[in-house]
Amino acid sequence: MKIGYPCINRSVGCTPNTTFRLTSYSPEKMKEKVRNNLDCLEKTIRFNIDNNLLFFRIGSPLIPFASHPVCKFKWQEHFKEHFCRIGELIKNNKMRISMHPDQFTLINSKKSDIFKRSVKELVYHEQVLNLLGLNKTHKIQIHVGGVYGEKEKSIERFIDRYRDLPINVKERLVIENDENSYSLKECLFISNKTKVPVLLDVFHHSLKNNGESIAESFEEVKKTWKKKDGIPMIDYSSQGKGKRRGSHTEKINLNHFKNFMKKVEKFDFDLMFEIKDKEKSALKAIKFLSLND
DNA sequence: TCACGTCAAGCAGAT
DNA sequence: ATCTGCTTGACGTGA
């Protein structure tokens, strides 16, 4: 099992997500920001390796406006070596990477131009993983999308659209249950039709489910990850104390985590801590697990 | 140097 | 009708 956290490390003193306003776009600015982001990504990856944090999510702003028409800069060519170097670090240390395009990426949108932009965005994410030289166990996770007041039709549209995606995207794509639209059960239905692996978000699942236990859910999800996909990726968080229902906790709740681990100890999976203090909670989890071997 | 309004993109649920 | 959350941050103008 690999433990990790998403997008940002709060200890390394830099961010791999610097960006700029569309109005101030220039190829020079683009180059400057991408270089900064890649430098910081490398620093973050090194921190992760040193601390045995072997699962990491690369944030979408790594290449700002990568899928936007304004971007004519050939970042793929220009930073080829840099990607290569970071990729070697990742591979040599057997790290695993995920990416999570943001909420605007909608495969099942009713509007075809939103779908087209979404494909571009997915292609961008796929290019990053490809330039790093990573195999197909490194994934891109998205939610199913909108409901538009007609869930069955929206699911059918997802399935149809999925079938037409570029093969490179398809090989990387996994779908994740969310807390208000598409539950695990619906993701599994879609997976059954398309063979897309399902990434279980245990916090979302606790908020929207069909009565399945965590162990039952793991059992079902496991079947959707084939050998080429690697072991299942799981997103973990818990309810923030005194905060709105569905709001992520600031720091790991070790009691909740202990309880969770007890229920899934017989499964093999990689675990992403979607917790606000990022690497701190992931490190606490690693410490906790090593003490309880 | 800092505060704070705003930032490419969409949807759902809460207020 | 408008705001907030989503992986939530970071930019950049004005003081």
Side-chain angles (χ1 to χ4, degrees), chain A residues 4-10 12-26 29-30 32-34 36-37 40 44 55-71 97-125 139-151 154-155 157-158 161 174-183 186 199 201-204 207-208 233-240 243-250 271-279 281-282:
Chain A
Y5 61 97
C7 308
I8 288 188
N9 180 302
R10 309 244 185 235
V12 295
C14 65
T15 166
N17 299 320
T18 56
T19 179
F20 50 88
R21 297 288 182 259
L22 188 53
T23 48
S24 61
Y25 174 88
S26 72
K29 187 158 247 177
M30 179 86 192
E32 173 204 326
K33 297 296 180 185
V34 174
N36 172 81
N37 289 348
C40 184
T44 304
F55 190 20
F56 184 66
R57 183 179 303 157
I58 296 178
S60 300
L62 186 72
I63 316 293
F65 301 104
S67 72
H68 192 281
V70 77
C71 176
I97 300 295
S98 66
M99 295 189 83
H100 193 333
D102 64 32
Q103 59 272 27
F104 311 106
T105 305
L106 291 163
I107 301 270
N108 79 345
S109 175
K110 294 182 92 158
K111 298 178 188 159
S112 70
D113 59 317
I114 292 178
F115 171 63
K116 281 180 197 156
R117 281 204 296 274
S118 299
V119 173
K120 286 198 173 125
E121 186 69 0
L122 289 169
V123 167
Y124 150 59
H125 284 78
K139 296 298 189 186
I140 300 169
Q141 63 189 94
I142 57 166
H143 295 290
V144 176
V147 176
Y148 310 98
E150 38 181 26
K151 191 174 264 183
S154 299
I155 288 178
R157 196 165 49 247
F158 181 96
R161 294 265 180 78
V174 303
I175 54 171
E176 177 186 359
N177 60 302
D178 66 86
E179 79 277 38
N180 40 40
S181 300
Y182 293 95
S183 67
E186 288 150 346
L199 189 155
D201 182 313
V202 295
F203 184 41
H204 287 161
L207 298 166
K208 183 178 178 68
M233 290 175 167
I234 304 288
D235 281 357
Y236 171 87
S237 184
S238 61
Q239 175 65 43
K243 300 208 286 186
R244 208 193 85 264
R245 175 184 143 97
S247 167
H248 292 209
T249 184
E250 292 288 334
L271 193 58
M272 177 72 59
F273 281 85
E274 291 190 332
I275 292 181
K276 303 233 192 241
D277 71 358
K278 308 287 176 180
E279 79 283 357
S281 282

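Sequence lines set the chain letters: A, B, ... in the order given, protein chains first and strands last, and positions in each chain run from 1.
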Any stems for DNA chain B, made of 3 or more Watson-Crick or G-U pairs in a row, each with both distances under 3.5 Å?
B:1-7 with C:9-15, B:10-15 with C:1-6
Test salt bridge (Lys or Arg N to Asp or Glu O under 4.0 Å) on Glu186(A) and Lys208(A) and set out the steps.
CA-CA 11 Å; Glu186(A) 288 150 346; Lys208(A) 183 178 178 68; 5.2 Å; no
Side chain of Lys120(A), backbone of His68(A): donor and acceptor closer than 3.5 Å?
no
Whole angstrom is fine here: how far is it from NE2 in His204(A) over to C1' in dC6(C)?
7 Å
Answer with base, sugar-phosphate or nothing: what part of the nucleic acid does Asp178(A) contact at a heavy-atom distance below 4.0 Å?
nothing
Could you tell me the separation between the CZ atom of Phe115(A) and the P atom of dA9(B), rounded to a whole number of Å?
20 Å
For Glu274(A), does its backbone N or O pair with a side-chain atom of Ser237(A) as donor and acceptor, under 3.5 Å?
yes
Just to verify, which of Lys111(A), Lys116(A), Arg117(A) counts as forming a salt bridge (Lys or Arg N to Asp or Glu O under 4.0 Å) with Asp113(A)?
Arg117(A)
Tell me whether the centres of the aromatic rings in Tyr236(A) and Phe203(A) are closer together than 6.0 Å.
no
Mind checking the C1' distance from dT8(C) to dT6(B)? Whole angstroms is fine.
15 Å
Identify whether any heavy atom of Thr15(A) sits under 4.0 Å from a base atom; if not, whether one sits that close to sugar-phosphate; answer base, sugar-phosphate or nothing.
sugar-phosphate
Please report, rounded to the nearest Å, how far the P atom of dC6(C) is from the NE2 atom of His100(A).
11 Å
Indicate yes or no for a side-chain donor-acceptor contact from Lys110(A) to the backbone of Ser154(A) under 3.5 Å, with no hydrogens or angles considered.
no
Round to the nearest Å and state the distance from Phe104(A) atom CZ to dT8(C) atom C1'.
11 Å
Using the C1' atom in both, what is the distance from dA10(C) to dC11(B), to the nearest Å?
23 Å
Taking the side chain of Glu121(A) as its heavy atoms from C-beta onward, which of dA8(B), dG10(B), dA12(B) lies nearest to it?
dA8(B)
Nearest whole angstrom, please: distance from the P of dT8(C) to the CG of Asp102(A).
13 Å
What contact category does Gly246(A) fall into here, base, sugar-phosphate, or nothing, at under 4.0 angstrom with non-hydrogen atoms?
sugar-phosphate
In whole angstroms, how far is the P atom of dG5(C) from the CG atom of Asp201(A)?
17 Å
Among the candidates dT7(C), dG10(B), dA8(B), find the nucleotide nearest to the side-chain atoms of Leu22(A).
dA8(B)
Heavy-atom pair with the smallest gap, counting every atom of Gln239(A) and Thr249(A):
O-CB, 3.9 Å
Sticking with atom P, work out how far dG10(B) lies from dG9(C), rounded to a whole angstrom.
22 Å
Would you say Thr18(A) and Asn36(A) are linked by a side-chain donor-acceptor pair, where the criterion is simply a distance under 3.5 Å?
yes
Rounded distance in Å between the C1' positions of dC6(C) and dC4(B):
22 Å
Counting side-chain heavy atoms from CB outward, which of dA8(B), dT7(C), dA9(B) is closest to His68(A)?
dA8(B)
Starting at the 5' end of DNA chain C and moving along, which residue's nearest nucleotide shows up first, Glu274(A) or Asn17(A)?
Glu274(A)
Select base, sugar-phosphate, or nothing to describe what Lys33(A) touches, counting heavy atoms under 4.0 Å on all strands.
sugar-phosphate
Side chain of Ser181(A) - closest among dA10(C), dA12(B), dG10(B):
dA12(B)
Side-chain contact check for Lys278(A): nearest option of dA10(C), dA8(B), dG9(C) is dG9(C)
State which of dC11(B), dA8(B), dT7(C) makes the closest approach to the side chain of Ser109(A).
dC11(B)
Nearest of dC6(C), dC11(C), dA8(B) to any side-chain atom of Lys276(A)?
dC6(C)
Say you pick atom P in dA8(B) and the same atom in dT2(C); how far apart are they, in whole Å?
22 Å
Residue Asn180(A), side-chain atoms from C-beta onward, closest of dT7(C), dT6(B), dA12(B):
dA12(B)
Closest to the His143(A) side chain, choosing from dG10(B), dA10(C), dT7(C):
dT7(C)
Sugar-phosphate only, base, or nothing, as touched by Ser24(A) at under 4.0 Å among non-hydrogen atoms
sugar-phosphate
Which of dT7(C), dG5(B), dG10(B) is nearest the side chain of Arg21(A)? It is dG5(B)
Do side-chain atoms of Asn17(A) reach the backbone of Ser60(A) as a donor and acceptor pair under 3.5 angstrom?
no
Can you tell me how far P of dC11(C) sits from CZ of Phe65(A), to the nearest Å?
11 Å
Just to be sure I understand the rule, does Pro101(A) reach a base, reach only the sugar-phosphate, or reach nothing, if contact means heavy atoms closer than 4.0 Å?
base
Would Phe20(A) and Phe65(A) count as a close aromatic pair, with their ring centres under 6.0 Å?
yes
Taking the same atom, P, in dG5(B) and in dC3(C), what whole-Å distance lies between them?
13 Å
With heavy atoms under 4.0 Å as the rule, sort Val147(A) into base, sugar-phosphate or nothing.
sugar-phosphate
Starting at atom CZ of Arg245(A), determine the distance to atom C1' of dG5(C), rounded to an integer number of angstrom.
14 Å
